[in-house]
Amino acid sequence: MGNGLKPGGSLVKVLVVGKGGREHALCWKLKQSPRVTGVYCAPGNAGTALEGINIAIDTGDFRALTQFAKREGIGLTVIGPEEPLANGIVDAFQREGLRVFGPRKDAAELEGSKVFAKDLMRQAGIPTADYRIFRSAPDAEHYILSREVSLVIRSKGKSLIRNTIMCRTAVETLEHIDRIMDPREQTGPGVQVELEERGERRVFNTAVEAKDYVLGRPLGMVLKADGLAAGKGVYVCDNLRQALDAIDQVMVQRIFGKAGDKLILEERLDGQETSILALTDGRTIVALESSQDHKRAYDHDEGPNTGGMGAYSPAPIVTRELMNQVEREILVPIVHALKRARRPFRGVLYAGLMLTNQGPKVLEFNVRLGDPECQAVLMRLQSDLLDALEAVVDERLEEVELRWDPRPAVTVVMASEGYPGPYERGRVINNLEAAAQMTDVKVFHAGTMLRDDGRIVTDGGRVLGVTALGDTFELAQQRAYEAARTIRFGGGWYRNDIAHHALKTTT
Ligand code: AMP
Ligand code: GLY
């Protein structure tokens, strides 16, 4: 790979936009480039302040950011999070003639609108779950209630309704329960509803109880709010009630605001999940080393979903064969489809996949590096990151070949007490220096802040991404946990089983 002799091979100052663990990892890696003369981060955290200079500008203030970049002579700005990308930060920089890494607003819609992404996948023949789009709550509810339930319903007791009915849908069953329990149809007290499912009979004394049973029938569906919802807009529903509740939250209570104008109902897929990240300049695709995050809060992948409690790289489940298949069936077609739609994509494409027994299917696309996957992956990158990102911006990615440390990396996220629910900020973090001195360990900061008195304190739900390399997954894991145990802050906690999938497949 080039070392500064290519076009754009001059000395540059870089600006990283964002304030999480991913942005700390980007600052750290960019700083290693011999061509980087200064690293700035807006707004950054206590960790990015150790790599360079934090600038107190919000990621949504495009005017202040572009003005700063011009004034300071920034040669490349790298956008970390999805929100500014979806809101057009790259367009704003380009309008000012500034060099910036990331997709433009129209291409970032691949993550910003799940409806856009699904429709594009369908057009391009990219494997993904079957889906339907809804623009109103009643339509979505009707669709859910029209799902097959296969219940036999009959009245018991003194009712004029004597027949046994095979109900094919939930809505039919609910209507029939109302008819049976309608006092006008009853000739005496004690009328009951009997529901029979696969030969098993249950008797209910009230309409409410009977309906409750119907709404508890299994449903293999996933509901997704169309727009950005900080990773919370996806509901994997086990039964009809959960689906109706999800529709209510998204479209009636509108807990995600405009992101809930449209809703996707899609088929639930089964299999192992993995994600593939790749650089693309709209023509060439260079996949990054594989990685895997742990989304659930607690050990054994239990508990609520989070932004990610840890990650490891490589992901042993991603074989060379699978990688080739994903490139052929997913990455190449999506990059082409975006180009045909006149929304050329330049940046990082992140494909979240379900490995079904019919092959890999796309759960979602993101338009940025994953967090905390980025921390584990960049720990292994040996090539100059600035060269690679500039090659994307200049549409000459075909010149780039990335070199990787063959050793695995493990990232353990240390979180605040209460996360992913409400948590306190401002707890003093101790022993960061001791952990930083450990060999092959890097502590990436996420929710941290440098207080006026010079102490580093917690300032978010995910606080640190303690990352380690090791000759084996076992050693990388041991080292990451040793470092995590060294660091202390009130209420701080982490999962104890990060990379357990990898250990199972490699030892
Ligand atoms: P997404 O933000 O679309 O990746 O969804 C978040 C999580 O929801 C994924 O990581 C999966 O665990 C789950 N999920 C999303 N779509 C589906 C689906 N069609 N079938 C099963 N699980 C899904
Ligand atoms: N770790 C998941 C994400 O960055 O979307």
Side-chain angles (χ1 to χ4, degrees), residues 82 86 103 106-135 140 143-144 147 219-229 231-238 243 246-247 250 259-278 280 285 287 290-293 295 305 315 317-319 321-341 343 345 347-368 370 373:
E82 61 273 22
D106 55 6
E109 223 181 320
L110 194 61
E111 177 168 0
S113 166
K114 289 185 189 283
V115 169
F116 170 73
K118 289 296 278 193
D119 287 348
L120 196 66
M121 282 189 260
R122 188 183 269 169
Q123 279 167 30
I126 293 168
T128 187
D130 281 341
Y131 68 102
R132 290 174 71 117
I133 292 161
F134 293 90
R135 289 180 171 75
Y143 180 76
I144 290 292
R147 305 270 78 200
L219 176 80
M221 285 224 123
V222 180
L223 274 85
K224 300 183 175 182
D226 174 44
L228 292 181
K232 298 190 185 97
V234 175
Y235 298 80
V236 179
C237 300
D238 294 326
I247 294 169
V250 174
D261 281 353
K262 289 182 242 169
L263 189 71
I264 294 173
L265 296 187
E266 69 177 41
E267 157 208 20
R268 183 167 171 175
L269 302 174
D270 273 324
Q272 280 226 55
E273 271 184 61
T274 191
S275 23
I276 305 275
L277 284 81
T280 178
I285 296 167
S290 62
S291 61
Q292 181 70 54
D293 69 346
K295 288 201 171 65
N305 260 317
I317 190 173
V318 182
T319 57
E321 230 179 334
L322 177 66
M323 197 65 139
N324 290 340
Q325 188 184 6
V326 168
E327 281 191 15
R328 201 172 56 239
E329 294 178 5
I330 294 167
L331 297 180
V332 171
I334 198 71
V335 169
H336 279 156
L338 283 160
K339 199 170 175 184
R340 275 198 306 277
R343 303 177 188 230
F345 192 99
V348 176
L349 251 183
Y350 169 132
L353 306 173
M354 187 71 90
L355 305 180
T356 73
N357 48 25
Q358 294 156 1
K361 293 192 179 186
V362 178
L363 295 174
E364 62 163 351
F365 280 113
N366 295 327
V367 299
R368 47 163 178 89
E373 294 95 317

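We use all heavy atoms of the structure for the numbers below, so side chains are in, but hydrogens, waters and symmetry mates are not.
Between Glu321 and Asn324 there is no side-chain heavy-atom pair separated by less than 4.5 Å. At least one side-chain heavy atom of Ile133 sits under 4.5 Å from a side-chain heavy atom of Asp119. At a threshold of 4.5 Å between non-hydrogen side-chain atoms, the residues Arg122 and Tyr131 count as touching. When side chains are defined from C-beta on, Leu349 counts as touching Leu110, because their heavy atoms get closer than 4.5 Å. Side-chain contact between Leu331 and Thr280 is absent, with no heavy atoms from C-beta onward closer than 4.5 Å. By the 4.5 Å heavy-atom criterion applied to side chains, Leu223 and Phe134 are not counted as neighbours. For the pair Val250 and Tyr235, the minimum side-chain heavy-atom distance is below 4.5 Å.
Under 4.0 Å is where a charged nitrogen must lie from a carboxylate oxygen, and between Asp293 and Lys295 at least one such pair does. In this structure, Lys118 pairs ionically with Glu266, as a charged nitrogen and a carboxylate oxygen lie closer than 4.0 Å.
Remark: the backbone N or O of Val367 is paired with a side-chain donor or acceptor of Glu111 at under 3.5 angstrom. Not one N or O on the side chain of Gln292 forms a donor-acceptor pair closer than 3.5 Å with the backbone of Ala315. Proximity of a side-chain donor or acceptor of Asp226 to a complementary backbone N or O of Lys114 within less than 3.5 Å is detected. Remark: the backbone N or O of Val362 is paired with a side-chain donor or acceptor of Thr128 at under 3.5 angstrom.
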